[in-house]
**Student:** 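Dropping the structure in here first, questions after.
In the text below, chain A, chain B and the rest are named by the order of the sequence lines, each starting its count at 1. Any value given below was found using the heavy atoms of this structure, including those in side chains, with hydrogens, waters and symmetry copies removed.
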Amino acid sequence: MTKPIAIVDCNNFYASCERVFNPKMQGRPVVVLSNNDGMIIARSAEAKAVGIKMGEPLFKIKDLIERKKVAVFSSNYALYGDMSHRVMSTLEQFSPDVEIYSIDEAFMKLDGFERYDLAEYGKEICETVEQWTGIPVSIGIAETKTLAKIANRVAKNNSKFRGVLNLYNSDERKNALLATDVADVWGVGRQYTKLLYRNGIRNAYELSLAKDKWIQKHMTITGLKTVHELRGIPCIEHEEGPPANKAIIVSRSFSHLVTSISEIREALAFYATRAGEKLRKQKSAASLMTIFLRTNPFKQSPQYHNGVVVKLPMPTDSTIEMLAYCDKGLKQIFRKGYNYHKVGIMLTGIVPLDKSQIALFDTEDRIKMAKITEVFDKINSEMGAGTLFFGTAGTKKEWITKAEMKSPRYTTRWDELPEAKADDLDEQQTELF
DNA sequence: TCTGGGGTCCTAGGACCC
DNA sequence: TCTGGGGTCCTAGGACCC
């Protein structure tokens, strides 16, 4: 017998986070912006109701925002990360098998609860999360992850379910599938939606009846799994711990156009430092580094984009080593005469860091370097990212992204606790090299 | 003036080897 | 004229997710 699985999804997560410490925002439209305050990435229910769309550039809706008195926030990932952690810890009270799927979603195995009233249990979870964290959530329960996602969506969009829909062992499944457009099925994006429409498949129920062969041919094995899941056959595994990333990317667009290689070098060094931190956090080493550089594709001006893959002599987790190769890579792809918009670094060829190997091959110097790095990471994680940084990463920080409407980091910085009423204290910076 | 960032998986096709 | 057959590995590109 297939076991029940639940998906818990935070409602309008970033917007909800901004409201938790800001009760004046209750009932008001709230939006959160992408990096550089470029576009809308989260909207409260009220903001959706006044017609603000996901992904819309801020400058295009300035009028609407003023007219409707929309509260606007730059994104504040330290806050969202911490709130996410609180929500997930709460969920762990309700099931031993919680899979954190994204910052605002988790799957929960409900083995052993088959004979209980699952909808009732779901309501209890919702209420507890809201009480303990202030974040409203919705829950879908079914035989498979894909069906649970559909249940969740229906629950969210139909107030009569009060945030919870249980489709496990339920006659309601067919109705829920009929009511779900293929575009809203987990695993079906824009391209596949067009394909399915062209072939007369419009809702999730019709998709569940599609021919296996046809699906595999046009939507690969991944699409076939989706279809089986719609039929109630689990194909997508529950993940125990988070697997180590196979790629680590750090990139940002500039807050202004950049032409000189020296500015780009500084930005790149900063991103490489972040990438190194992420790498060490998951105790891995990387053997390939891709550096990429581009102009702004939305502009009429001359376009250039290019990338280069740099092979490292042996897998490393050392920022210092990576920085040397960054320069080499950047020199290869940089061309004079363009207005640059974005630079980034990607680490791949990622392997687990095996300490014994390091001891075997490495010199004393490298072991010493590893110790310095450890202290470096520790200070930055405790005092805030960027407290210590490498000299190459520059001191001017002009390329650091724009965030003019950021809420204080209520939960992660002592100096920004809600009582303190602190506006935008400058980060303290200490140069290490 | 102003359009994000960070991931995964799958497949086809080329290079190379015997 | 006729231009093998299989394997493996790698990469680029396309699809998806949040």
**Student:** Determine whether the side chains of A:Ser262 and A:Ser260 contain a donor N or O and an acceptor N or O closer than 3.5 Å.
**Tutor:** yes

**Student:** Sticking with atom P, work out how far C:dC17 lies from B:dT1, rounded to a whole angstrom.
**Tutor:**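 Taking atom P in both C:dC17 and B:dT1, they lie 35 Å apart.
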
**Student:** Need one value for A:Glu105: base, sugar-phosphate or nothing, where a base atom within 4.0 Å counts as base even if backbone is also close, heavy atoms only.
**Tutor:**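 Sugar-phosphate contact only.
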
**Student:** To the nearest 10°, let me know how far the axis at one end of the helix from B:dG5-C:dC18 to B:dC18-C:dG5 is tilted from the axis at the other, five pairs an end.
**Tutor:**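 If I round to tens, the end axes sit 10° apart.
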
**Student:** At a heavy-atom distance below 4.0 Å, what parts of residues 188-197 of chain A sit against DNA chain C?
**Tutor:**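 Under 4.0 Å from DNA chain C: A:Val188, A:Gly189, A:Arg190, A:Gln191, A:Tyr192.
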
**Student:** So what does A:Leu58 hit on the nucleic acid, given a heavy-atom distance under 4.0 Å: a base, only sugar-phosphate, or nothing?
**Tutor:**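 A:Leu58: no heavy atom of the nucleic acid under 4.0 Å.
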
**Student:** Have a look at A:Val32 and say if it touches a base, only the backbone sugar-phosphate, or nothing, with a 4.0 Å heavy-atom cut-off.
**Tutor:** nothing

**Student:** Base, sugar-phosphate or nothing for A:Lys246? Non-hydrogen atoms, less than 4.0 Å.
**Tutor:** sugar-phosphate

**Student:** With A:His85, which residues qualify under ring pair (Phe, Tyr, Trp, His ring centres under 6.0 Å), at least two apart?
**Tutor:** none

**Student:** Under 4.0 angstrom, heavy atoms only, what part of the nucleic acid is A:Asp37 near: base, sugar-phosphate, or nothing?
**Tutor:** nothing

**Student:** Just jot down the salt bridge (charged side-chain N to carboxylate O under 4.0 Å, His left out) partners of A:Arg231, sequence neighbours excluded, or say none.
**Tutor:**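 If we apply the salt bridge (charged side-chain N to carboxylate O under 4.0 Å, His left out) test to A:Arg231, skipping adjacent residues, the hits are A:Asp212.
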
**Student:** Counting only pairs under 3.5 Å, give me each side-chain donor-acceptor contact of residues 328-335 of chain A, with atom names and distances, residues two or more places apart or in other chains.
**Tutor:**
| unit_1 | atom_1 | unit_2 | atom_2 | d |
| --- | --- | --- | --- | --- |
| A:Arg335 | NH1 | A:Gln332 | O | 3.1 |

**Student:** For A:Asp9, which residues count as a salt bridge (charged side-chain N to carboxylate O under 4.0 Å, His left out) partner, sequence neighbours excluded?
**Tutor:** A:Lys156

**Student:** Would you give the length of the straight line joining atom CG of A:Leu347 to atom CD1 of A:Ile248, rounded to the nearest 0.5 angstrom?
**Tutor:** 5.5 Å

**Student:** Could you list the residues that satisfy ring pair (Phe, Tyr, Trp, His ring centres under 6.0 Å) with A:Phe113, not counting sequence neighbours?
**Tutor:**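 Here the qualifying residues are A:Tyr116, A:Tyr121.
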
**Student:** Students often get this wrong, so: under 4.0 angstrom with heavy atoms, is A:Ile248 touching a base, only sugar-phosphate, or nothing?
**Tutor:**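 Counting heavy atoms under 4.0 Å across all strands, the contact made by A:Ile248 is with sugar-phosphate only.
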
**Student:** Check each of A:Ile125, A:Thr128, A:Val137 against A:Leu91 using the side chain to side chain contact (heavy atoms under 4.5 Å, CB included) test, and report the only one that passes.
**Tutor:**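 Going through the options one by one, the only one that passes is A:Ile125.
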
**Student:** Would you mind reporting whether A:Ser89 and A:Arg86 have side-chain heavy atoms less than 4.5 Å apart?
**Tutor:** no

**Student:** Assign the ring pair A:Tyr80 / A:Tyr77 to parallel, tilted or perpendicular, where the plane angle (0 to 90°) is split at 30° and 60°.
**Tutor:**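 A:Tyr80 and A:Tyr77: perpendicular rings.
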
**Student:** With sequence neighbours excluded, tell me which residues meet ring pair (Phe, Tyr, Trp, His ring centres under 6.0 Å) with A:Trp132.
**Tutor:** none

**Student:** For chain A and DNA chain C, what are the first and last nucleotides along the strand, 5' to 3', with at least one atom under 4.0 angstrom from a heavy atom of the protein chain?
**Tutor:**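 Under 4.0 Å from chain A, the extent on DNA chain C is C:dA15 to C:dC18.
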
**Student:** Does any residue of residues 334-344 of chain A have a heavy atom under 4.0 Å from DNA chain B, and if so, which ones, in number order?
**Tutor:** A:His341, A:Lys342

**Student:** With a 3.5 Å cut-off and sequence neighbours excluded, list the donor-acceptor pairs that the side chains of residues 183-193 of chain A form with protein atoms.
**Tutor:**
| unit_1 | atom_1 | unit_2 | atom_2 | d |
| --- | --- | --- | --- | --- |
| A:Asp184 | OD2 | A:Arg153 | NH2 | 3.1 |
| A:Thr193 | OG1 | A:Gly189 | O | 2.6 |

**Student:** Less than 3.5 Å apart, which donor and acceptor atoms pair up between the side chains of residues 294-302 of chain A and the rest of the protein, not counting sequence neighbours?
**Tutor:**
| unit_1 | atom_1 | unit_2 | atom_2 | d |
| --- | --- | --- | --- | --- |
| A:Thr295 | OG1 | A:Gln303 | OE1 | 3.2 |
| A:Thr295 | OG1 | A:Tyr304 | N | 2.9 |
| A:Thr295 | OG1 | A:Tyr304 | O | 3.2 |
| A:Asn296 | OD1 | A:Phe298 | N | 2.9 |

